[in-house]
Amino acid sequence: MEYGEGGSPPEAEKKGAGEEDDFGYRLFPDRNKKPQSFLVRSLFTFHNRCQVMLRMTLETNPYAQLLLEAMKQSGCTVFNDRHFSCENCDGCVSGGFDAATSQIVLCQNNIRQQSHMNRVVTHELIHAFDHCRAHVDWFKNVKHLACSEIRAANLSGDCTLMNEIARFKFGLKGHHQTCVRDRAIRSILAVRKVSKETAEKAVDEVFDACFNDLEPFGRIPHSKADARRAYKDFQNRDRYNANL
């Protein structure tokens with residue numbers, strides 16, 4: 001999942017041991033509502049803006065374009081109307097991947113800039129890609145969740161230098177890895193009722209393997225230029241394999 005700009009994740013909730021984990025669905029209250037009619041939705045500018053920005057991301061952003069093509073090749077073609085949903089969410093999140101429906105939720109009340117939409121869509125498409133290519137146990141295996149959150153933070157542009165400066169976080173050697181670790185832990189705490197120690201342990205145990213899993217990019221895309229090169233390399237790799 002992806003946080004809203006300037007938002008902070010809720011701490012793991014200290015509730016009764018017998019209370020069931022809602023797996024983060026409390027952050028996406030519109031998930032359980034009946035779909036609104038087109039006429040009703042058209043009256044809300046948040047929804048219209050979300051749809052326009054989403055279309056722009058899918059058509060022009062190299063991060064998203066690479067992931068969409070990789071998913072198609074893996075047998076998981078993504079359709080705009082089926083696999084994306086613009087909804088109102090809790091104030092601390094910008095998006096999420098609903099594994100139960102294979103649907104990406106985009107928080108229309110929290111995404112206000114195209115660059116933010118680009119990053120959120122990329123982040124959640126990485127989760128969708130992992131869901132497509134692997135048997136991810138999102139709900140019961142916290143290490144599986146940790147691995148996908150590490151990959152999403154590492155490959156989506158969440159931890160670029162400019163984004164970290166915007167968060168007033170500065171560092172030199174190893175700062176990218178620190179950012180990826182911190183954001184993966186925060187994401188787990190937002191959607192699972194586990195202790196911070198449990199989240200940190202899960203992230204640390206899988207960090208090296210998952211941080212170095214760069215599929216489908218083949219590199220860490222630190223900028224759009226990097227992502228364009230990765231997309232071109234991915235297309236050339238596909239052409240090469242097709243000729244074998």
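Positions are given from 1 along the sequence. None of the values given here were measured: they were computed from a predicted structure.
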Is it true that K201 and E197 make a salt bridge, defined as a side-chain N closer than 4.0 Å to a carboxylate O? no

Is there a side-chain contact (heavy atoms from CB on, under 4.5 Å) between F139 and H144? Walk through the geometry before answering. CA-CA 9 Å; F139 302 110; H144 286 192; over 6 Å; no

Short side-chain donor-acceptor distance under 3.5 Å, T57 and N118: yes

Would you mind listing every ring pair (Phe, Tyr, Trp, His ring centres under 6.0 Å) that reaches into residues 53-94, with sequence neighbours excluded? none

So T77 and M71, do their side chains get closer than 4.5 Å, heavy atoms only? no

Tell me, which pairs form a disulfide bond (SG atoms under 2.5 Å apart) where one or both residues lie in residues 124-156, sequence neighbours left out? C76-C132, C147-C210

Please lay out, stage by stage, how V191 and L145 fare under the test side-chain contact (heavy atoms from CB on, under 4.5 Å). CA-CA 10 Å; V191 299; L145 174 63; 4.1 Å; yes

Nearest 0.5 Å please: distance from the NZ atom of K196 over to the CD1 atom of I188. 12.5 Å

Treating Q103 as the side-chain partner and F97 as the backbone partner, does any N or O pair qualify as donor plus acceptor under 3.5 Å? no

Flag, side chain of E149 to backbone of S187, donor-acceptor distance under 3.5 Å: no

Contact between Q108 and Q51 at the side-chain level, heavy atoms closer than 4.5 Å - yes or no? no

Less than 4.5 Å apart, side chain to side chain, heavy atoms only: is that true for I150 and R181? no

Kindly write out the residues that satisfy side-chain contact (heavy atoms from CB on, under 4.5 Å) with T60, not counting sequence neighbours, or none if the list is empty. M56

With the side chain counted from C-beta on, respond yes when V120 and H116 share a heavy-atom pair under 4.5 Å apart, and no when they do not. yes

I need the minimum non-hydrogen distance between F129 and A70, along with the two atoms involved. CE1-CB, 3.8 Å

Could you check if a side-chain atom of R219 sits within less than 4.5 angstrom of a side-chain atom of D233, using non-hydrogen atoms only? yes

How many angstroms lie between atom NE2 of H131 and atom OG of S74, to the nearest 0.5 angstrom? 12.5 Å

The side-chain contact (heavy atoms from CB on, under 4.5 Å) partners of S115 (sequence neighbours excluded) come to Q113

Between the side chain of N141 and the main-chain N/O of D137, is any donor-acceptor distance below 3.5 Å? no

Hits for side chain to side chain donor-acceptor pair (under 3.5 Å) against R229, two or more places apart or cross-chain, chain-then-number order -> D226

Check whether any side-chain heavy atom of S148 lies under 4.5 Å from a side-chain heavy atom of V136, and answer yes or no. no

Is there a side-chain contact (heavy atoms from CB on, under 4.5 Å) between K232 and N236 once you walk through the steps? CA-CA 6 Å; K232 185 175 181 179; N236 290 336; 3.8 Å; yes

Can you check whether F217 reaches R151 side chain to side chain, under 4.5 Å on heavy atoms? no

About how many Å separate OG1 of T122 and CE of M117, when rounded to the nearest 0.5 Å? 11.0 Å

What pair of heavy atoms forms the shortest contact from A202 to V142, and how long is it? CB-CG1, 3.8 Å

Using a distance-only test with no angle check, is there a side-chain donor-acceptor pair under 3.5 angstrom linking H123 and H127? yes

Rounded to the nearest 0.5 angstrom, the CG-NE2 distance for L155 and H222 is 9.5 Å

Nearest atoms (heavy-atom pairs only) where L66 meets P216: CD2-CG, 3.4 Å

Check whether any side-chain N or O of N110 sits under 3.5 Å from a backbone N or O of S94 as a donor-acceptor pair, and report yes or no. no

May I have the step-by-step check of side-chain contact (heavy atoms from CB on, under 4.5 Å) for V105 and C89, ending in yes or no? CA-CA 9 Å; V105 183; C89 309; 4.1 Å; yes

Could you go through the side chain to side chain donor-acceptor pair (under 3.5 Å) check for N154 and H176 one step at a time? CA-CA 8 Å; N154 188 29; H176 180 77; 2.7 Å; yes

If I compare all heavy atoms of T101 with all of R82, which pair ends up nearest, and what's the gap? O-NH2, 2.8 Å

Considering only heavy atoms from C-beta outward, does the side chain of V206 approach that of F211 to under 4.5 Å? no

Are L106 and V52 joined in one hydrophobic group, where the rule is that I, L, V, M, F, W and Y side chains link up if heavy atoms are under 4.5 Å apart? no

If you take all heavy atoms of N212 and D208, which pair is closest and at what distance? ND2-O, 2.7 Å

CG/D98 to CD/E124 distance, rounded to the nearest 0.5 angstrom? 10.5 Å

Under a plain distance cut-off of 3.5 Å, with no hydrogens placed, do Q65 and N61 share a side-chain donor-acceptor pair? no

Applying side-chain contact (heavy atoms from CB on, under 4.5 Å), can you list everything that pairs with R112, at least two apart in sequence or on another chain? R49

Heavy-atom nearest pair, I185 first then A199, reads CG2-CB, 4.1 Å

Scan side-chain atoms only and decide if N88 and H47 contain a donor-acceptor pair under the 3.5 Å cut-off. no

Enter the distance from I104:CD1 to L125:CG here, rounded to the nearest 0.5 Å. 4.0 Å

